[in-house]
Amino acid sequence: MAHVIERDSWAEAPDRWKGELQCGQFGANSCLIFNHQPKVGGGPRLHKHPYAEIFVIRSGTGLFTIGDQEIKATAGQILIVPPDTPHKFTNLGPGPLESTDIHENGHFITEWLE
């Protein structure tokens with residue numbers, strides 16, 4: 001059975017791509033975060049997951065720390081973080097950083113490291 005998920009069930013605001021969806025409840029082995037970081041320096045602190053995470057950079061520029069690597073990522077690039085790898089990112093500006101983050105698990109499992 002196909003599922004149609006309405007925007008108002010995951011989006012934090014009707015005018016922006018920002019929100020989360022845990023897809024396990026629909027039979028999918030993934031979770032989505034539609035990330036909108038408007039402020040320079042904004043982003044999550046260091047954490048890891050027991051599954052891979054994929055970042056699709058839609059707009060802006062971010063500094064991603066993935067394990068011992070620092071990667072400056074811009075719109076159109078895709079980053080893949082292996083399971084159990086500490087990672088974080090910050091918006092470098094000047095405008096918002098927007099990404100679609102795909103977690104390869106039906107529900108979020110996050111271990112915060114800082």
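Note that the structure is a prediction, hence the values are computed from the model and not measured.
Between W17 and W10, the two ring planes are tilted [angle within 30° to 60°]. The aromatic rings of F55 and H87 sit perpendicular to each other, their planes meeting at more than 60°, with 30° as the lower class boundary. Ring geometry for H47 versus H49: interplanar angle over 60°, hence perpendicular rather than tilted (30 to 60°).
Between L97 and G60, the closest heavy-atom pair is CD1-C, 4.1 Å. The two atoms that bring S30 and C23 nearest to each other are O-CB, 2.9 Å, heavy atoms only. Taking each heavy atom of P83 and A52 in turn, the nearest pair found is CG-N, 3.7 Å. In terms of heavy-atom proximity, P96 sits nearest to H36 at CB-CE1, 3.8 Å. Between L92 and K72, the shortest heavy-atom distance links the atoms CD1-CG, 3.9 Å. Of all heavy-atom pairs spanning P94 and V40, the tightest one is O-CG2, 4.2 Å.
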Run the side-chain contact (heavy atoms from CB on, under 4.5 Å) check on I102 and L32 step by step: do they pass? CA-CA 5 Å; I102 304 164; L32 303 172; 3.9 Å; yes
Does T85 form a side-chain contact (heavy atoms from CB on, under 4.5 Å) with I66? I'd like the steps, not just the answer. CA-CA 7 Å; T85 303; I66 302 172; 3.9 Å; yes
The test is side-chain contact (heavy atoms from CB on, under 4.5 Å); show your working for E114 and K88 and say whether it passes. CA-CA 10 Å; E114 59 178 31; K88 66 180 180 178; 3.4 Å; yes
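The same ILVMFWY cluster, assembled from side-chain heavy atoms under 4.5 Å apart, contains both V81 and I57. Taken together through direct or relayed side-chain contacts under 4.5 Å among Ile, Leu, Val, Met, Phe, Trp and Tyr, F108 and V56 form parts of separate hydrophobic clusters. Hydrophobic clustering places F34 together with I5 (ILVMFWY residues linked when any side-chain heavy atoms are closer than 4.5 Å, directly or through intermediates). Criterion: ILVMFWY side-chain heavy atoms under 4.5 Å apart, direct or through other members. Under it, F64 and I78 are not part of a common hydrophobic cluster.
Inter-residue side-chain proximity for L79 and I54 is flagged as unmet; no heavy-atom pair is nearer than 4.5 Å.
With rounding to the nearest 0.5 angstrom, the CZ atom of F89 is 4.0 Å from the CG atom of N35. One distance of note links CZ of R58 with OG1 of T100; it measures 4.0 Å at 0.5 Å rounding. For the atom pair CG of N91 and CD of E98, the computed distance is 10.0 Å after rounding to the nearest 0.5 Å. Atom CD in E111 sits 4.5 Å away from atom NZ in K48 (nearest 0.5 Å). How far OG1 of T90 is from CG of L63: 5.0 Å, rounded to the nearest 0.5 Å. Expressed to the nearest 0.5 Å, how far CG of N29 lies from CG of N105 amounts to 5.5 Å.
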